[in-house]
Amino acid sequence: MTKILLQGGNVLDPALGSLFPRHDVLIEKDRIIDVSATPLDVPGARVINVAGKTVMPGLIDCHVHVLASLANLGLNAIQPGSLTSIRALPIVEAMLNRGFTSVRDAGGADWGLAQAIAIGLVPGPRIFPSGKALSQTGGHGDFRPRSDVLEPCSCAFRAGAIARVADGVDAVRLAAREELQKGATQIKIMASGGVASPTDPIGNTQYSEDEIRAIVAEAEAAQTYVMAHAYTGRAISRAVRCGVRTIEHGNLVDAEAAKVMREHGAFVVPTLVTYDSLARDGARLGLPADSVAKIESVRQAGRDSLRIYADAGVPMGFGSDLLGEMHQDQSHEFIIRAEILGNLETIRSATSIAAAILQREGVLGTVRAGAQADLIVVDGNPLQDITLLTGQGEHLSLVMQAGYIHRSRA
């Protein structure tokens with residue numbers, strides 16, 4: 001059967017902020033072909049009554065690490081590749097069950113896993129992979145411990161490693177080209193210190209401006225963009241002025257850096273839930289003590305940053321950035337954001353704004369004719385109750401990806 005009719009639901013258009021009551025949505029193969037206020041009669045279609053429920057775009061998480069099955073990324077990186085891949089399968093299936101029909105992987109996932117999902121071999125969200133993130137020596141992607149002798153970095157080839165180390169303009173150009181050749185849909189760089197890595201204070205800036213500009217040039221030549229891990233206003237401004245398009249985390253932003261982002265048309269992807277999860281479970285799940293100590297320095301600042309970005313008019317995408325068992329907390333990001341930004345803006349971050357980040361406006365993150373048939377049906381109105389999008393998908397009566405019904409209670 002190639003046609004499915006979702007009958008009588010309330011259709012949410014996040015970009016407009018409108019809920020259209022009692023509309024029919026007709027899907028053929030992998031596309032939405034009609035959204036109608038007039039009841040549709042489609043002979044041969046499978047009809048699903050969704051009256052009283054909300055039909056909305058599938059959710060998009062713009063910052064995940066689907067191959068991070070262990071909280072300790074150093075240990076994750078030395079797992080056998082086959083074990084890393086197999087451990088990722090329940091992680092991606094659970095994301096789809098929560099209504100996330102697309103994700104942007106911020107380091108680790110490759111073209112092969114994205115293809116396995118795309119051809120229906122395994123269930124999971126559509127993956128926009130970054131391949132290995134690029135890190136300087138001693139940067140956020142370098143998980144070698146401090147020692148007198150620095151052994152050669154093996155982080156470029158193991159499946160469980162989220163990053164590879166490359167230094168110098170020529171080397172980073174080659175690294176970017178290699179990740180693009182292997183199927184990366186965008187390039188990720190480490191532009192400041194971070195929480196999970198052992199030897200780089202959060203306030204550090206990373207990569208020279210010449211190196212960042214070289215990576216940006218390679219991405220733009222391949223008709224894509226660069227996303228950058230960055231925390232402080234200094235690191236953020238520096239990266240954006242060098243051409244970086246999306247800032248990841250951005251907890252320690254200041255008003256001046258947010259202004260620079262707005263002037264350059266940059267996006268930010270805050271990842272607030274991960275700090276709550278790391279504070280609660282990080283030590284128990286193997287996060288090194290040095291990393292645990294860094295959490296509180298950015299946790300509350302992350303919440304405060306949402307106001308700074310909103311006041312500056314910087315568009316915010318949805319991100320979770322969870323590791324290991326903490327992936328189950330993915331949807332709690334909605335509650336954290338909604339308390340500060342409200343339900344509609346929070347939903348936009350995971351739909352229309354996220355689609356713009358992915359450069360898929362009008363295709364993802366919307367319910368309109370011609371769009372990809374990535375849809376969820378919610379048992380109620382998430383504009384009024386954001387908790388309907390939380391948990392493990394308990395409040396979703398249908399999850400559809402590219403016209404295929406992954407699961408349905410209808």
Side-chain angles (χ1 to χ4, degrees), residues 62-68 73-74 76-79 81 84-85 104-115 127-144 150-194 196-200 204-230 235-236 238-249 269 321 359:
C62 290
H63 194 118
V64 301
H65 295 286
V66 300
L67 295 186
L73 292 176
N76 199 76
I78 61 174
Q79 295 184 101
T84 296
S85 298
R104 185 180 62 161
D105 193 276
D110 63 2
W111 179 85
L113 181 57
Q115 274 296 105
I127 296 179
F128 292 80
S130 301
K132 304 294 186 193
L134 307 187
S135 169
Q136 70 175 44
T137 293
H140 184 54
D142 186 347
F143 285 88
R144 295 171 293 185
L150 202 59
E151 297 294 334
C153 183
S154 63
C155 59
F157 69 89
R158 292 189 182 274
I162 68 166
R164 59 186 290 184
V165 171
D167 296 295
V169 169
D170 289 343
V172 299
R173 281 191 185 277
L174 177 58
R177 289 173 182 174
E178 287 178 344
E179 295 306 324
L180 291 164
Q181 188 275 339
K182 290 187 290 185
T185 52
Q186 63 283 323
I187 296 295
K188 164 80 176 294
I189 69 169
M190 306 303 192
S192 85
S197 42
T199 63
D200 58 330
N204 287 11
T205 58
Q206 296 178 9
Y207 275 135
S208 69
E209 293 188 12
D210 286 344
E211 288 169 315
I212 297 174
R213 292 184 192 280
I215 296 166
V216 168
E218 293 302 326
E220 290 179 349
Q223 303 180 78
T224 186
Y225 64 93
V226 174
M227 54 191 289
H229 164 107
I236 291 167
R238 189 169 173 268
V240 169
R241 289 190 173 110
C242 289
V244 165
R245 182 169 174 266
T246 77
I247 294 295
E248 310 303 304
H249 318 302
V269 180
D321 191 33
Q359 300 178 318

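Of all the heavy atoms in V66 and A109, the pair that sits closest is CG2-CB, 3.7 Å. Minimum interatomic distance between V244 and V226 (heavy atoms only, all atoms of both residues): CG1-O, 3.6 Å. Nearest heavy atoms, W111 versus G183: CB-CA, 4.0 Å. The nearest pair of heavy atoms linking G131 to A184 is N-CB, 4.2 Å. Summarising the geometry of A106 relative to A133, their closest heavy-atom pair is O-CB, 4.3 Å, with the distance given to 0.1 Å. Shown here for C242 and R213, the closest heavy-atom pair between the two residues is CA-NH1, 3.6 Å.
Looking at D321, its side chain never comes within 3.5 Å of a backbone N or O of H63 through a donor-acceptor pair. The main-chain N or O of A161 is found under 3.5 Å from a side-chain atom of K132 such that the two form a donor-acceptor pair. A donor-acceptor pair is defined here as one N or O able to donate and one able to accept, closer than 3.5 Å; no such pair exists between the side chain of H229 and the backbone of I247. Looking at N204, its side chain never comes within 3.5 Å of a backbone N or O of G193 through a donor-acceptor pair. A donor-acceptor pair under 3.5 Å links the side-chain atoms of Y207 to the main chain of S135, judged by distance alone. Distance alone, capped at 3.5 Å, places no donor-acceptor pair between the D105 side chain and the I127 backbone. Using modelled atom types, one side-chain atom of T185 and one backbone atom of P129 make a donor-acceptor pair closer than 3.5 Å. Under the 3.5 Å distance criterion, the side-chain polar atoms of Q206 are left unmatched by any main-chain donor or acceptor of A191.
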### Task
Apply the test side-chain contact (heavy atoms from CB on, under 4.5 Å) to residues I212 and R241: give CA-CA distance (whole Å), side-chain angles for both, the deciding distance (0.1 Å), then the verdict.
CA-CA 10 Å; I212 297 174; R241 289 190 173 110; over 6 Å; no

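Within the 4.5 Å cutoff, the side chain of T246 has heavy atoms near those of the R104 side chain.
Atom-to-atom distance recorded for H249:NE2 and I236:CD1 is 10.5 Å, nearest 0.5 angstrom. The CG atom of L134 sits 6.5 Å away from the CZ atom of R164 when rounded to the nearest 0.5 Å. Atom CG of residue L113 and atom CD of residue Q115 lie 10.0 Å apart, to the nearest 0.5 angstrom. D110 contributes atom CG, which lies 7.0 Å from atom CG of L67 (distance to the nearest 0.5 angstrom). Distance check, rounded to the nearest 0.5 Å: CD of Q223 to CG of L180 gives 11.0 Å.
Using a cut-off of 4.0 Å between Lys/Arg side-chain N and Asp/Glu carboxylate O, E248 and K188 are scored as not salt-bridged.
Take R173 and apply the side chain to side chain donor-acceptor pair (under 3.5 Å) test, not counting sequence neighbours, and it matches E218.
Under the side chain to side chain donor-acceptor pair (under 3.5 Å) test applied with S130, the options Q186, H65, E179 reduce to a single match, Q186. Tested against V172, the residues E211, R177, Q136 include a single side chain to side chain contact (heavy atoms under 4.5 Å, CB included) partner, E211.
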